[in-house]
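Presented below is the structure to which this report refers.
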Amino acid sequence: MGKVGLGFRRDIADEFLENESFTPDFIEFAPENWMGMGGYWKKVLDKAAERYPITCHGLSLSIGSPEALDYHFLKDLKQFLKEYQVSIYSEHLSYTKSKNAHLYDLLPVPFRDDAIKHIVSRIKEVQEILERKIAIENVSYYVTPGAEMDEATFVKAIVEEADCELLLDVNNVYVNAFNHGYDAIDFINKMPLDKVSYIHMAGHEKVSDDLIIDTHGQPIIDPVYELFDSTLRKMNPVPVLLERDFNFENFDAIVEEFGQLKSITHKAWEVNHVS
Amino acid sequence: MYLNKSTIDIQTQLASYCRTGQEQEIEKVSQERVKHYRRLVFSNVKNTLETAYPITLEWLSDDEWLKLVNDFFEMHDAQSPKIWELPKEFMEFVTQNKYAATFNKPALNNLLLVEWVEIEVHTMMDKEWPAVEARGEVLLLTPEYQLLHLDYPVHIFNGDDAQDKKGDWFIYIFRNRETDGVQFLNISALHVFVLEKLYETPLTLDDLLPIISAVFGLNDMKTLQNHLKTFFSDLRKKGALLSKIA
């Protein structure tokens, strides 16, 4: 059976540590937001780590950047992942650093052959350094700079050639399909689903008739649940994470959303196991 | 390196646009949509800095604050992979580029420093307790701290009022081991000397008295002893002094 987790964030840390009626199967956080930190937040993180299994979703590896990997960061990261016994470490198929400057957000890599080769070699190098496979996430993107192929071809080639895992973000598939006019189910079918080790689900915001922004701040909408359900039926159980980055005021609604994910997950994978 | 120059150029153009907001032609990129990248990237950085520097944000005009953030993001190559460390780079950028003089706000650098050090002391890695002989009378201080020497008392007064009080101001900023809260203590030069001595080597009050007496030329040992006892008693109450005092 797939486990269902929730993103661990400072704003809702108490819910994870003190709310007895809410017990996710695991928690996920960005290592960059906790590495090298002591004091109050280190204690909070240690308490959470005592209570829940952990996955980490990185922000700053910048796997698609032209410049060299940050080896100092990777060394610290490896130690951090070991210290917290992190089961899955994932990163974004994007770049966040350019000309030796971090931008702290996910920019789309040109869908090109040379970018595939570049990223494949970097993922392999990271996997060697970390001594573990990493999962690469299909990111949401609003423009396609210099694209010479479609996204599905790009993502599939990287995951297969790098021999890494795929973090399939179902909401991102929905958002990208809407923004760029392709069929979401067709995209899912083209993915190497046997390589998926982790799934993300989240809400988004439609900002105009032809554009959705992947915000992680709104409830998941029904078409994304439907895409999620149909995707699960094509693959083996893996952990599923509900991502929520802000709008925590109504935590009960988030718990309900979490429950809905759990229910869909159990139904889809119970049927698979029985049959 | 497998990347072609044209691919690198496209990546550089997009990143450069996000940093500057200056529109440029990027292959297969819609001008209408790319604006969202600039908005998202810039607001992430701006929000991070505004969370770190709430007092500076309130003191500066909107135009001044926006100029600092814009200039910083455009001109400074952010080095830390951890965004929570970015405010330190911002403080250093503002100080090095003399915006305090540009805005005629001489207390600006001090205010940014104090706000950053509060974050730094709150988040700094836990340090080992000093390894000293477990004698009850040794004065042990909390190991997570900073001592600052300011020109303006921005820790006491608002920015404008602090600028009228230029002088030598000393602050002891420390993390309470029990609560993990950060506290500020306005102290004298003599206190700074005492704290520095104790952080070098934990001593007893009896060890300290002759040293301070010699350095500061204070010969009334009874008065000095009473003064320090009061000081240490205050530090003990506030959670900075870990050992008990007689």
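Values reported hereafter were calculated over all heavy atoms of this structure, with side chains retained and with hydrogens, waters and symmetry mates removed. Keep in mind that this is a model prediction, so the values were computed, not measured. By convention in this document, chain letters (A, B, ...) are assigned in the order of the sequence lines, proteins followed by strands, and residues within each chain are numbered from 1.
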Side chain / backbone / both / neither for [X] at chain B, heavy atoms under 4.5 Å:
| X | answer |
| --- | --- |
| Y95(A) | side chain |
| P31(A) | neither |
| Y141(A) | both |

Is the number of heavy atoms from other residues, nucleotides or ligands under 6.0 Å of [X] [atom1] greater than 12?
| X | atom1 | result |
| --- | --- | --- |
| K127(B) | NZ | yes |
| D183(A) | CG | yes |
| E205(A) | CD | yes |
| F193(B) | CZ | yes |

With a 4.5 angstrom heavy-atom cut-off, could you sort out which part of [X] is near chain A: side chain, backbone, both or neither?
| X | value |
| --- | --- |
| D126(B) | both |
| S6(B) | both |
| H122(B) | both |
| R33(B) | both |
| Q79(B) | both |

> Between T7(B), I26(B), V29(B), which shows the greatest number of heavy-atom pairs under 4.5 Å with chain A?
Replying inline: T7(B)
> Pick from I83(B), V121(B), V34(B), V182(B): which one has the most heavy-atom pairs with chain A under 4.5 Å?
Replying inline: I83(B)
Can you pull out the residues in [range] with any heavy atom less than 4.5 Å from chain B?
| range | value |
| --- | --- |
| residues 61-76 of chain A | G64(A), S65(A), P66(A), D70(A), F73(A) |
| residues 36-45 of chain A | G36(A), M37(A), G38(A), G39(A), Y40(A), W41(A), K42(A), K43(A) |
| residues 206-217 of chain A | V207(A), D210(A), L211(A), I213(A) |

> When heavy-atom pairs shorter than 4.5 Å are enumerated against chain B, which of S60(A), G58(A), A115(A) gives the highest number?
Replying inline: S60(A)
> Could you walk me through whether H200(A) and N172(A) pass the side chain to side chain donor-acceptor pair (under 3.5 Å) check?
Replying inline: CA-CA 9 Å; H200(A) 273 181; N172(A) 287 353; over 6 Å; no
>> Centre-to-centre under 6.0 Å for Y174(A) and H204(A), is that the case here?
In response: yes
> Can you name the salt bridge (Lys or Arg N to Asp or Glu O under 4.0 Å) partners of D14(A), sequence neighbours left out?
Replying inline: none
